[in-house]
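In what follows, a structure is listed as structure tokens, so that the remarks can point back to it.
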Amino acid sequence: MTITISRTAAPGNGVVRYASIGSLQLEAGGYLPDVTLAYETWGTLNADGSNAVLIEHALTGSTHVTRGDSDEPGWWEQLAGPGAPVDTDRFFVVSINILGGCYGSTGPSAEAPDGAPWGSRFPLVTLRDTTAAEARLADQLGVHSWFAVLGGSMGGARALEWAVSFPERVQRCAVISVGAASTAEQIAFAQAQTLAIRQDINFNDGDYYGGPLPEDGLALARRIAHITYRSAEELDGRFGRSAQLPESPLRAAALGERGRYQVESYLDHQGKKLVSRFDANSYIALTDALMSHDVSRGRGSLDEALSRTTARFFVAAVDSDRLYFPSQSRELADALPGEVDVHVIEAPIGHDGFLTEIGQLGSQLRSTFLI
Ligand SMILES: CC(=O)SCCNC(=O)CCNC(=O)[C@H](O)C(C)(C)COP(=O)(O)OP(=O)(O)OC[C@H]1O[C@@H](n2cnc3c(N)ncnc32)[C@H](O)[C@@H]1OP(=O)(O)O
Ligand SMILES: N[C@@H](CCO)C(=O)O
């Protein structure tokens with residue numbers, strides 16, 4: 001698929017478009033012969049190309065950051081839009097579905113050259129590969145240097161990789177709710193999730209397209225992940241030991257049936273919701289990509305790796321995050337060149353605070369970063 005993109009016009013704010021970016025030789029040795037990236041834009045690129053902002057989505061996110069001309073709300077609706085901190089009246093905002101994803105970019109569910117889905121044949125993609133692919137799309141869009149690249153969680157890891165891989169192309173970089181590398185604990189949580197999918201009876205080594213889908217495995221993966229996205233205090237305050245009405249776990253147990261606690265019902269719901277919108281192989285591919293996150297791999301020490309960047313950094317963490325600890329954001333900030341503060345998002349919710357606490361995050365970004 002080839003598309004022609006006008007240098008300055010932004011047809012269809014918030015509408016998905018597709019770009020063919022050619023073949024990719026991947027860091028881990030794999031090869032993708034014909035890569036498509038799905039993306040959305042909002043606003044208009046200046047004649048001198050100086051107002052481009054890239055927003056990188058997290059693990060299961062899509063290109064749809066904010067609604068624009070479409071009716072569908074975006075996942076960072078209050079953060080980006082006309083008059084918002086990432087002001088689409090001022091900036092040309094771009095969001096790209098990550099390579100390996102299932103929102104339009106080449107991924108395991110896409111057609112391989114033989115016309116069948118890639119499935120088990122989809123190669124290992126690292127976050128560095130995804131950044132290299134996005135740089136090709138930036139070229140096509142006429143963006144030679146981003147005014148800012150920002151993202152939370154895996155989106156923050158993608159932003160950081162951009163700033164280090166292409167220092168001359170990133171003027172500002174916001175790394176929210178993620179550290180410089182995936183830690184052993186983060187890899188451990190991730191492995192439990194991918195194994196849940198791989199052990200689904202329908203997984204068939206990843207070649208399940210056209211047959212029953214590994215939905216139970218994907219839903220279990222999401223449950224495991226979602227627990228890490230929320231703090232113990234939030235889950236306890238919200239659900240406690242309450243039973244999901246009309247069942248009572250104790251009464252049901254007395255009857256020889258097992259009812260559900262509210263928190264179980266909640267996690268069941270989160271699992272079902274993800275299954276309705278996400279491909280299991282993409283979940284594995286992107287989780288593997290996130291496991292690969294290590295901005296200093298092959299670049300010496302962390303300080304040496306980060307010394308390549310010339311961007312101005314914004315680092316933020318949610319104080320109750322138990323997946324990406326604020327101390328990991330502190331370590332990143334300390335290793336970055338110059339004095340970099342860690343902006344603390346105060347919220348009891350945990351990791352997902354980067355998605356829910358837009359008021360705090362937006363005002364911090366507006367006053368210290370997007371200026
Ligand atoms: C940035 C990115 O790229 S990721 C893309 C955006 N992220 C996602 O979509 C991830 C999935 N969503 C989420 O993680 C969250 O919904 C957030 C972070 C966006 C918002 O969090 P919150 O506002 O706290 O919503 P929460 O996670 O509690 O979910 C509420 C849902 O749980 C349901 N729920 C609440 N209690 C229960 C219960 N006892 N039993 C069953 N369901 C329940 C609600 O009905 C609601 O359902 P709905 O989403 O279908 O309307
Ligand atoms: N809820 C987010 C959190 C991951 O950081 C997602 O699903 O992508």
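Each ligand, and each atom within it, is numbered from 1 in the order the structure gives.
Looking at Glu27 and Arg297, a side-chain N of the basic residue comes within less than 4.0 Å of a carboxylate O on the acidic one, giving a salt bridge. Salt-bridge check for Arg330 with Asp334: passed, with a basic side-chain N closer than 4.0 Å to an acidic carboxylate O.
For Arg238 and Tyr266, the positive end sits near the middle of the six-membered ring, less than 6.0 Å away and at most 45° from its axis.
For the residue pair Ser165/Arg308, the side-chain donor-acceptor check at 3.5 Å is not satisfied. A side-chain N or O of Asn46 and one of Ser50 form a donor-acceptor pair less than 3.5 Å apart. With hydrogens and angles left out, the side-chain atoms of Ser145 and Gln171 include a donor and acceptor closer than 3.5 Å.
Neither the backbone nor the side chain of Lys272 comes within contact range of ligand 1; no heavy atom lies under 4.0 Å. When heavy-atom distances to ligand 1 are checked against a 4.0 Å cut-off, Tyr229 has no atom that comes that close, whether in backbone or side chain.
Scanning all protein heavy atoms for the shortest distance to atom 1 (C) of ligand 1 gives Leu355 CD2, 3.0 Å. Protein heavy atom nearest atom 14 (O) of ligand 1, with residue, atom name and distance: Asp352 OD2, 3.2 Å. Remark: minimum distance from atom 39 (N) of ligand 1 to any protein heavy atom is reached at Gln244 OE1, 2.9 Å. Of the protein's heavy atoms, Arg277 NH2, 3.4 Å lies nearest to atom 9 (O) of ligand 1.
Close contacts between ligand 1 and Arg222 involve ligand atoms 10 (C), 11 (C) [criterion: under 4.0 Å to a heavy atom]. The ligand atoms of ligand 1 that sit less than 4.0 angstrom from a heavy atom of Gly61 are 2 (C), 3 (O), 4 (S), 5 (C).
Proximity of atom 51 (O) of ligand 1 to the protein is not indicated, since no non-hydrogen protein atom lies closer than 4.0 angstrom. Protein heavy atoms are absent from the space less than 4.0 angstrom from atom 23 (O) of ligand 1.
Here the shortest heavy-atom pairing between Ala84 and Leu79 reads CB-O, 3.5 Å.
Taking CZ of Arg121 as the reference point, atom CG of Asp205 lies at 13.0 Å (rounded to 0.5 Å). For the atom pair OG (Ser242) and CZ (Arg260), the distance works out to 14.0 Å, reported to the nearest 0.5 Å.
The closest heavy-atom contact to atom 35 (C) of ligand 1, among the options Trp75, Phe278, Tyr266, comes from Tyr266. Between Arg238, His351, His269, it is Arg238 that holds the heavy atom closest to atom 30 (C) of ligand 1. Residue Ser265 holds the heavy atom nearest to atom 41 (C) of ligand 1 of all those in Gly151, Ser265, Ser62, Ser242. The option with the heavy atom closest to atom 15 (C) of ligand 1, from among Lys273, Arg230, Gln270, is Arg230.
In this structure, Trp76 does not count as a contact residue of ligand 1, since none of its heavy atoms falls inside 4.0 Å of the ligand.
Note on Trp162 and Val175: separate hydrophobic clusters, where clusters join Ile, Leu, Val, Met, Phe, Trp and Tyr whose side-chain heavy atoms are under 4.5 Å apart, directly or indirectly.
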List the steps and the verdict of ring-ring contact (aromatic ring centres under 6.0 Å, His included) for Phe91 and Phe147.
CA-CA 9 Å; Phe91 295 116; Phe147 179 87; 5.0 Å; yes
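Aromatic ring pairs are classed by plane angle as parallel below 30°, tilted from 30° to 60° and perpendicular above 60°; the pair Phe354 and His351 is tilted.
Around atom CD of Glu339, no more than 12 heavy atoms belonging to other residues, nucleotides or ligands sit under 6.0 Å away.
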Quick one: table the atom pairs, ligand 2 N or O against protein N or O, below 3.5 Å, distance rounded to 0.1 Å.
from: ligand 2; atom 1: 1 (N); to: Asp352; atom 2: OD1; distance (Å): 3.1
from: ligand 2; atom 1: 5 (O); to: Ser153; atom 2: OG; distance (Å): 2.6
from: ligand 2; atom 1: 5 (O); to: His351; atom 2: NE2; distance (Å): 2.9
from: ligand 2; atom 1: 7 (O); to: Thr60; atom 2: OG1; distance (Å): 2.6
from: ligand 2; atom 1: 7 (O); to: Arg222; atom 2: NH1; distance (Å): 3.0
from: ligand 2; atom 1: 7 (O); to: Arg222; atom 2: NH2; distance (Å): 3.2
from: ligand 2; atom 1: 8 (O); to: Leu59; atom 2: N; distance (Å): 3.4
from: ligand 2; atom 1: 8 (O); to: Thr60; atom 2: N; distance (Å): 3.0
from: ligand 2; atom 1: 8 (O); to: Thr60; atom 2: OG1; distance (Å): 3.3

